[in-house]
Amino acid sequence: MSPTRRSLPLLALLAALSTTLCLHGQIALELQVPQKRYLRYEPILLRLTVSNLSGNSLEFGGKTPGHHGQIAFKVDSASGRTPKLVNPLANPANGLSLAPGETRTLEIPLNQYYDMQREDGYSVQALLDHDRLPRRHVSQPVRVEVQDGLPILVKNIGLPTERQTGLIKTIQLSLLRFADVDEDIYALRAEDDINVYAVHRLGSFIDGEKPQMELDGDSLVHLLLQIRPRLYVYYIFGFEGRNLLLRQKRFYVSADGAPPSLSRETGYLRVVHGQIAREGIDYYEPKED
């Protein structure tokens with residue numbers, strides 16, 4: 001037998017071993033969390049970066065052999081009480097397709113998979129499995145805290161119904177003081193006895209003018225908060241269905257030496273004693289990613 005023919009089986013074996021080794025350890029996972037502390041019921045968004053360095057295409061979420069893969073999480077709490085899995089069949093990897101060498105970043109709302117409503121500290125790891133991978137891949141752990149806020153203002157409001165004969169839906173709006181990692185901030189939460197519909201972070205808390213929260217005739221929520229010694233922020237929120245969405249955000253400074261405030265003197269809500277603040281001069285707002 002010639003040397004060329006004798007080397008073919010060896011080359012094939014080495015190629016097979018190379019492929020197996022690549023599949024065994026060439027999936028890189030990086031888990032990040034944008035914030036270290038979250039208000040109760042606030043969405044906990046994780047960023048999971050998956051890099052496919054195996055030299056093989058990988059399809060996730062399918063039911064056929066070789067195309068099934070899933071992402072799950074291991075969540076431990078400082079109290080020792082394991083959070084309940086809300087939907088055991090949910091798979092954040094559904095529809096994910098990775099070509100050889102491709103990297104994808106997924107934004108995953110952890111609260112949709114685990115009950116994270118309890119005040120506690122949590123350690124989270126991402127777990128990736130695939131039919132073509134001989135072992136589970138595990139990310140490094142990230143840690144988050146969940147805490148509640150201190151109510152400052154609470155209002156119960158009735159929302160208009162689509163049908164005149166329908167029951168009036170009552171929503172509780174709570175303006176909260178929340179102890180974030182670096183500073184205390186304002187937050188707004190909308191809820192009823194069954195559901196929490198929205199949680200919004202607003203601005204820095206300071207001991208200054210008393211915050212104002214009013215509702216107008218169109219069921220729009222008006223908020224005026226002092227967030228710096230000379231700076232105020234004015235929010236307008238509106239309900240779409242049961243979702244509370246931001247409609248307007250403006251910054252104000254005093255126009256005449258008196259603190260800006262909300263007034264109904266003209267028959268509708270507006271800011272008096274205030275003028276629009278100048279970005280870059282009166283305030284600077286970092287741009288979101």
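Throughout, residue positions are numbered sequentially from 1 according to the sequence presented. For clarity, every value in this text was computed on a predicted model and none was experimentally measured.
- The shortest side-chain heavy-atom distance between I236 and V221 does not fall under the 4.5 Å cut-off.
- Side-chain contact annotation: Y197 with D192, donor-acceptor N/O pair under 3.5 Å present.
- Judged by distance alone, the side chain of H130 and the main-chain N or O of E59 form a donor-acceptor pair under 3.5 Å.
- With contacts defined as side-chain heavy-atom distances shorter than 4.5 Å, the pair L128/L133 qualifies.
- A salt bridge is defined here as a Lys NZ or Arg NE, NH1 or NH2 lying under 4.0 Å from an Asp or Glu carboxylate O, and D148 with R189 meets this definition.
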Can you list the steps and then say if L215 with K155 is a side chain to side chain contact (heavy atoms under 4.5 Å, CB included)? CA-CA 9 Å; L215 193 74; K155 285 184 178 292; 5.9 Å; no
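- Hydrophobic clustering (side-chain heavy atoms under 4.5 Å, transitive across Ile, Leu, Val, Met, Phe, Trp, Tyr) groups L58 together with I108.
- Of all heavy-atom pairs spanning P151 and G149, the tightest one is CD-O, 3.5 Å.
- Nearest approach of P34 to R47, heavy atoms of both residues: CG-CZ, 4.0 Å.
- In this structure, Y234 has its ring center no closer than 6.0 Å to that of Y232.
- Inter-residue side-chain proximity for V50 and L29 is flagged as met; some heavy-atom pair is nearer than 4.5 Å.
- By the criterion of side-chain heavy atoms lying less than 4.5 angstrom apart, applied directly or through intervening Ile, Leu, Val, Met, Phe, Trp or Tyr residues, L220 is not grouped with F237; the two fall into different hydrophobic clusters.
- Contact of the V253 side chain with the L231 side chain is registered, since non-hydrogen atoms from C-beta on lie closer than 4.5 Å.
- Residues V124 and V33 fall within the same hydrophobic cluster, defined by Ile, Leu, Val, Met, Phe, Trp and Tyr side chains chained together at heavy-atom separations under 4.5 Å.
- Closest non-hydrogen pair, S51 versus T103, comes out as OG-OG1, 3.0 Å.
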Please assess E240 against R247 for the test side chain to side chain contact (heavy atoms under 4.5 Å, CB included), listing each intermediate value before the final yes or no. CA-CA 11 Å; E240 291 187 12; R247 298 284 186 86; 4.2 Å; yes
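- Donor-acceptor pairing under 3.5 Å is lacking for the side chains of S139 and Q125.
- One distance of note links CZ of F60 with CD of Q70; it measures 10.0 Å at 0.5 Å rounding.
- At distances below 3.5 Å, at least one donor-acceptor pair connects side-chain atoms of S54 with backbone N or O atoms of N56.
- Hydrophobic cluster membership differs between L39 and L110, with clusters built from Ile, Leu, Val, Met, Phe, Trp and Tyr side chains linked at under 4.5 angstrom.
- Q226 places a side-chain N or O within 3.5 Å of a backbone atom of R228 that can act as its donor or acceptor partner.
- Residues Y186 and L175 have side chains in contact (heavy-atom distance under 4.5 Å, counting atoms from C-beta outward).
- Using a 4.5 Å cut-off on side-chain heavy atoms (C-beta onward), I44 and Y114 make no contact.
- Put simply, the side chain of S77 reaches to within 4.5 Å of the side chain of R118, judged on heavy atoms.
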Can you check side chain to side chain contact (heavy atoms under 4.5 Å, CB included) on K74 and D76, steps first, answer last? CA-CA 7 Å; K74 181 177 184 292; D76 297 316; 2.5 Å; yes
List, one per line, each side-chain donor-acceptor pair under 3.5 Å for residues 83-92, sequence neighbours excluded.
residue: N87; atom: OD1; partner: L89; partner atom: N; Å: 3.2
residue: N91; atom: OD1; partner: I71; partner atom: N; Å: 3.0
residue: N91; atom: OD1; partner: A93; partner atom: N; Å: 3.0
residue: N91; atom: ND2; partner: G69; partner atom: O; Å: 3.0
residue: N91; atom: ND2; partner: N94; partner atom: OD1; Å: 3.4

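- Taking all atoms of both residues into account, the shortest heavy-atom contact from Y38 to L45 is OH-O, 4.0 Å.
- In the hydrophobic clustering of this structure, F205 does not group with F178; members are Ile, Leu, Val, Met, Phe, Trp, Tyr whose side-chain heavy atoms approach within less than 4.5 Å, directly or through other members.
- Grouped by direct or indirect side-chain proximity (heavy atoms under 4.5 Å, Ile/Leu/Val/Met/Phe/Trp/Tyr only), L150 sits alone.
- The backbone N or O of L245 lies less than 3.5 Å from no partner atom in the side chain of N243, so there is not a single donor-acceptor pair.
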Which is it for I171 and L244 under the side chain to side chain contact (heavy atoms under 4.5 Å, CB included) test, yes or no, and what are the steps along the way? CA-CA 11 Å; I171 299 290; L244 184 64; over 6 Å; no
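- For D120 and S79, the side-chain atoms include at least one donor-acceptor pair closer than 3.5 Å.
- Annotation: side chain to side chain donor-acceptor pair (under 3.5 Å) contacts involving residues 251-265, sequence neighbours excluded, comprise D256-H273.
- Between V233 and K249, some side-chain heavy-atom pair lies under the 4.5 Å cut-off.
- Applying salt bridge (Lys or Arg N to Asp or Glu O under 4.0 Å) to E145 and the options K36, R40, R37 leaves one that passes, R37.
- For the pair R201 and Q35, the tightest heavy-atom approach, listed with the atom from each and the gap, is NH2-NE2, 3.1 Å.
- The shortest heavy-atom contact between L246 and Q248 is CD1-O, 3.2 Å.
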